[in-house]
Each structure stands twice: as C-alpha cells, then as structure tokens.
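Note sheet for the following structure.
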Amino acid sequence: MTRSVSLIATLLATLLTGCQQHPPANDQLDAVLWTQTSVEHDLLFRQVYASATQHLDRALADPAWDALAQAPRALHGLPPALIIDIDETLLDNVPLNARSIINDRPYDYDAWYQWVDRAKAPALPGAVGFLQAAARRGITPYYLTNRAPGQEQATLENLRRAGFPIDSSAQILTAGTAIGGCQASGSDKTCRRHWVGTQARVLMQLGDSIGDFMATRGSQQAQLDAARPYFAWLGERWFLLPNPTYGGWYSAPYQGREGLSEQQKRAFKHKVLKPQY
C-alpha cells in the first residue's frame, strides 16, 4: 500500500511538473500585464503627449504646417484641427482583454460592443491635458475611430465623461463612414482623413497604429517604405503611442484568417520570429 501511494505521488509530481513547464498559452498575457502594471507604459504616454503639447504653438504659427500624407493642398483660411484615434490612444479598453485572459476565453466582440455602450473607459495618461491645451488654442479635434457606426453617442458620452473637449458627435467618424463622396472599406481611415483635410488644416495626427496616419498595406518592409518619406514628422506632426495588445500586426502572421485554431495561429507567429543567427 505504501509503495502504491508513493508511485501515485511520483506520478502526480511528474504531471504537475509537466504542467508547470507547459502552461496553456495566452498570447496577450504579457502584453496586457505590461500595459496595466508597468510604470513605463504610463510614462511613455505622458512623454508623447507632453511632446505633442510643446509643438502646438509652433504648428499654429506656421501657415504651411500640415500633417496629412497626401498631395499638397490649399491651406489658407482653413481652421486648425487635430486627427486623433480613440481606442488605446485616448481611452483604455485593456480591462476587457484582461477579463478574457482571466476567464481563459478568446476575445469576445459582443462583449466589446457592450463595453463601448457602457461609456466608462478611462482616459489614458496625458491625453486629457493635451486635448484641453489644444482646445484653449482654438484647435478642433476630429476623433477617427474604427468603432462601429451607431456607437457615436456612447463614444461621445465616454469622451465627455473622461474630460475630453468635444462639441458634438459630428467630430466622431466611425468605421466605414461615407463622407465627402468617399467610403473606404473596413478599418481604412483614408476617406475620413481626406474629408477632415477639406475642412481644416491638420496640425497633428495621433494614434497607436500606422493606419492612423496613412494608408499602408503589405509586409512590414512595405509599410516602412511607405512611411519613410514622413520619418521627419515623427515626434513633430505624427505622434505614435505604444499598443502591444492588438492591431494589424497581431493577425499579420496568419493573414487575418480567423477560422484557424489558436494553436495554428501560434504556429504562424512562431514562423515569423527572428531567432539569433
């Protein structure tokens, strides 16, 4: 009997050791952990918004200052404006990701829509102060977001509750908005950016994805090449914020094929890693 108990204990210890060595993977765990617990995350946001604030007066004073990646256009007489993303740029939605991790469940898009409708996402560090500084200078923010059409009112309520300056939901342009005779597909913000450019002189763009600044497609190298002419605008007219939890890069290794299992997606991610040579 003693020997049987000993064997069972050994077997359990072996199994537990194996579990410790190979825990179930959640690819967002460390990203969400860093976002929610690191002082570096908060300091980076404060740093970016402080730098953007310091450039407002210079941008206003230069009548040729323009932050849109498009052909030169007539700027005379256009009022000053900003183009700014909302999610993970102004508002913090990562608690929703954290809940999925804790519940060991995939990301739930129905839960996302409910979260938006609650209108209680908190402001990210430095964001409110920056937009209030812009408002004091008469600069109008246009909020370009890939939230779903129909969620403008909830988004307006959330932005106001968090302290952001906004006059009406007309400043919120959601995904697929048909505007100025142009309607881009999916998350592409090109049409919305160009429309704002007909209404205002865009002093700055701020976001957490390269797609918040210009239209890009293809590989990482192709996107870098497309952005190269605007490298000098980084930290001056374009202000990019860190988001390690989601974005186009996240599904790029498996080309957005959502029908794949988590194991298959993870295998594709492994293939694009660059180990030591």
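Along the sequence shown, residues carry numbers from 1. Reckoned from all heavy atoms, side chains included, excluding hydrogens, waters and symmetry mates.
With sequence neighbours excluded, the residues satisfying side-chain contact (heavy atoms from CB on, under 4.5 Å) with Gln199 are Tyr142, Trp195. Applying the side-chain contact (heavy atoms from CB on, under 4.5 Å) rule to Ser51 yields the partners His55, Phe239; only residues at least two apart in sequence or on another chain are considered. In this structure, the side-chain contact (heavy atoms from CB on, under 4.5 Å) partners of Glu40, at least two apart in sequence or on a different chain, are Trp34, Ser38. Not counting sequence neighbours, the partners of Leu124 by the side-chain contact (heavy atoms from CB on, under 4.5 Å) test are His41, Phe45, Asp92. By the salt bridge (Lys or Arg N to Asp or Glu O under 4.0 Å) test, Arg217 pairs with Asp188, sequence neighbours left out. Annotation: salt bridge (Lys or Arg N to Asp or Glu O under 4.0 Å) contacts of Asp57 (sequence neighbours excluded): Arg137.
Distance OG1/Thr145 to CG/Leu91: 9.0 Å, rounded to 0.5 Å. If you take CZ on Arg201 and CG on Leu75, they are separated by 6.5 Å, rounding to the nearest 0.5 Å. In this structure, CD in Gln28 is found 6.0 Å from OG1 in Thr245, a value given to the nearest 0.5 Å. Rounded to the nearest 0.5 angstrom, Ile86 CD1 and Gln151 CD are separated by 10.5 Å. If you take CZ on Arg161 and CZ on Arg118, they are separated by 9.5 Å, rounding to the nearest 0.5 Å.
Looking at Leu203 and Leu60, their side chains come closer than 4.5 Å, going by heavy atoms from C-beta outward. In this structure, Thr190 and Met214 have side chains that are not in contact, with every pair of non-hydrogen atoms separated by 4.5 Å or more. The shortest side-chain heavy-atom distance between Val202 and Arg237 does not fall under the 4.5 Å cut-off. A heavy-atom distance below 4.5 Å is not found between the side chains of Ile102 and Arg99. Side-chain contact between Ile84 and Leu144 is absent, with no heavy-atom pair separated by less than 4.5 Å. Residues Pro141 and Gln171 have side chains in contact (heavy-atom distance under 4.5 Å, counting atoms from C-beta outward). At a threshold of 4.5 Å between non-hydrogen side-chain atoms, the residues Val196 and Ile179 do not count as touching.
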| Checking side-chain contact (heavy atoms from CB on, under 4.5 Å) for the pair Gln132/Arg136: CA distance, chi angles, key distance, verdict? | CA-CA 6 Å; Gln132 288 178 343; Arg136 288 194 296 271; 4.0 Å; yes

| request: Please assess Trp115 against Asp110 for the test side-chain contact (heavy atoms from CB on, under 4.5 Å), listing each intermediate value before the final yes or no. | output: CA-CA 9 Å; Trp115 167 268; Asp110 287 336; over 6 Å; no

| task | Output, in order, the C-alpha distance, side-chain angles, deciding distance and verdict of side-chain hydrogen bond (donor to acceptor under 3.5 Å, both in side chains) for Gln221 and Asp225. | result | CA-CA 6 Å; Gln221 188 59 53; Asp225 290 343; 3.0 Å; yes

| task | Determine, stepwise, if the pair Ile172 / Ile166 fulfils side-chain contact (heavy atoms from CB on, under 4.5 Å). | result | CA-CA 9 Å; Ile172 301 171; Ile166 181 168; 3.7 Å; yes

| said: Between Arg257 and Lys265, does the side-chain contact (heavy atoms from CB on, under 4.5 Å) criterion hold? Intermediate values first, please. | reply: CA-CA 9 Å; Arg257 289 177 286 183; Lys265 292 177 183 179; over 6 Å; no

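When hydrophobic clusters are built by joining Ile, Leu, Val, Met, Phe, Trp and Tyr residues whose side-chain heavy atoms come closer than 4.5 Å, directly or via intermediates, Leu56 is grouped together with Leu90. Under the 4.5 Å side-chain heavy-atom criterion for ILVMFWY residues, a single connected hydrophobic cluster contains both Val128 and Leu156. Under the 4.5 Å side-chain heavy-atom criterion for Ile, Leu, Val, Met, Phe, Trp and Tyr, Phe231 and Phe213 are members of the same hydrophobic cluster. Linking ILVMFWY side-chain heavy atoms closer than 4.5 Å, directly or via other members, places Tyr250 and Leu260 in a single hydrophobic cluster. No chain of hydrophobic side-chain contacts below 4.5 Å, direct or via other Ile, Leu, Val, Met, Phe, Trp or Tyr residues, connects Tyr107 to Val32.
No cation-pi contact links Arg58 to Trp65, judged by a cut-off of 6.0 Å to the six-membered ring centre and 45° from its axis.
Around atom OH of Tyr109, no more than 12 heavy atoms belonging to other residues, nucleotides or ligands sit under 6.0 Å away. For CD of Gln220, the number of neighbouring non-hydrogen atoms (other residues, nucleotides, ligands) closer than 6.0 Å is 12 at most. Within a 6.0 Å radius of CZ in Arg105, other residues, nucleotides and ligands contribute 12 heavy atoms or fewer.
A ring-centre distance under 6.0 Å is not found for Tyr254 and Phe268. Taking the centre of each ring, Trp233 and Tyr230 come in below the 6.0 Å mark.
Contact record, Arg192 with Leu173: NH1-O, 3.0 Å, taken as the closest heavy-atom pair. Taking all atoms of both residues into account, the shortest heavy-atom contact from Trp112 to Leu96 is CA-CD2, 3.5 Å. Leu206 and Ala52 get closest at one heavy-atom pair: CD2-CB, 4.3 Å. What you find for Leu82 and Ala134 is that their closest heavy atoms are CD1-CB, 3.8 Å. In this structure, Leu44 and Pro242 approach most closely via the heavy-atom pair CD1-CG, 4.2 Å.
A donor-acceptor pair under 3.5 Å links the side-chain atoms of Asp212 to the main chain of Ser209, judged by distance alone. A distance-only check finds no donor-acceptor pair linking the side chain of Asn158 to the backbone of Ala154 [under 3.5 Å].
The pair Arg147-Asp87 counts as a salt bridge, with a side-chain nitrogen and a carboxylate oxygen less than 4.0 angstrom apart. Remark: Arg160 does not engage Glu157 in a salt bridge, criterion side-chain N to carboxylate O under 4.0 Å. We find that Asp85 and Lys189 are joined by a salt bridge, their nearest charged nitrogen and carboxylate oxygen being less than 4.0 Å apart.
With 3.5 Å as the limit, one finds a donor-acceptor pair spanning the side chains of Thr174 and Glu152.
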